[in-house]
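Basis for what follows: all heavy atoms, side chains included, without hydrogens, waters or symmetry-related copies. No experiment lies behind these values; they were computed from the predicted model shown.
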Amino acid sequence: MGKRYTPTSAAADVEAAFRHLEGRWKLVILFHLFGGKVMRFSDLERAIPNITQKMLGQQLRQLEADGIVARKVYPQVPPKVEYRLTDWGQSLCPTLDAILKWANRRRKFQS
């Protein structure tokens, strides 16, 4: 049986969940990795042109620490590092898709 929520406990749990995704670039990074894509740091950097190397590294480290992104380092020179979503990270796809659909519905209400 699922957890029973009160308005207070639901708000607290939603806030805790959003902490995993806060940051200007995290959702953009996730969208680039959805569908089982594996990307190198430089690929992500090219795919997100306005992000700095420092910020991309920080956001990826936070996503990795939260168990959303997996990082694989290959022992070679120059270093090769690949990023992919974990199964838990990939499970965000339907949720974020629903948010996109919700946002698109807003446009219909404004017309």
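- Looking only at side-chain heavy atoms (C-beta outward), Val69 and Leu85 come within less than 4.5 Å of each other.
- Partners of Thr8 by side-chain contact (heavy atoms from CB on, under 4.5 Å), not counting sequence neighbours, listed by chain and number: Thr6.
- Of all heavy-atom pairs spanning Pro49 and Ala47, the tightest one is CD-O, 3.3 Å.
- Atom CG of Leu44 is separated from atom CD of Gln59 by 12.0 Å, given to the nearest 0.5 angstrom.
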N/O donor-acceptor pairs under 3.5 Å from side chains in residues 17-41, not counting sequence neighbours:
| unit_1 | atom_1 | unit_2 | atom_2 | d |
| --- | --- | --- | --- | --- |
| His20 | ND1 | Asp66 | OD2 | 3.3 |
| Lys26 | NZ | Glu22 | O | 3.2 |
| Lys26 | NZ | Gln62 | OE1 | 3.0 |

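- Note on residues 42-55: pairs passing salt bridge (Lys or Arg N to Asp or Glu O under 4.0 Å), not counting sequence neighbours, are Asp43-Arg46.
- Atom-to-atom distance recorded for Gln90:CD and Ile68:CD1 is 12.0 Å, nearest 0.5 angstrom.
- In this structure, Glu64 and Leu60 have side chains that are not in contact, with every pair of non-hydrogen atoms separated by 4.5 Å or more.
- The side-chain contact (heavy atoms from CB on, under 4.5 Å) check on Val77 picks up nothing, with sequence neighbours excluded.
- Side-chain heavy atoms closer than 4.5 Å link hydrophobic residues (I, L, V, M, F, W, Y) into clusters, and following such links, possibly through other members, connects Met55 to Ile48.
- Lys72 is linked by a salt bridge (Lys or Arg N to Asp or Glu O under 4.0 Å) to nothing, counting only residues two or more places apart in sequence or in another chain.
- The list of salt bridge (Lys or Arg N to Asp or Glu O under 4.0 Å) pairs with a residue in residues 80-92, not counting sequence neighbours, reads Lys80-Glu82.
- For Asn104, the side-chain hydrogen bond (donor to acceptor under 3.5 Å, both in side chains) partners two or more places apart in sequence, or in a different chain, are Arg107.
- Listed by first and then second residue, the salt bridge (Lys or Arg N to Asp or Glu O under 4.0 Å) pairs that reach into residues 5-14 are Lys3-Asp13, sequence neighbours excluded.
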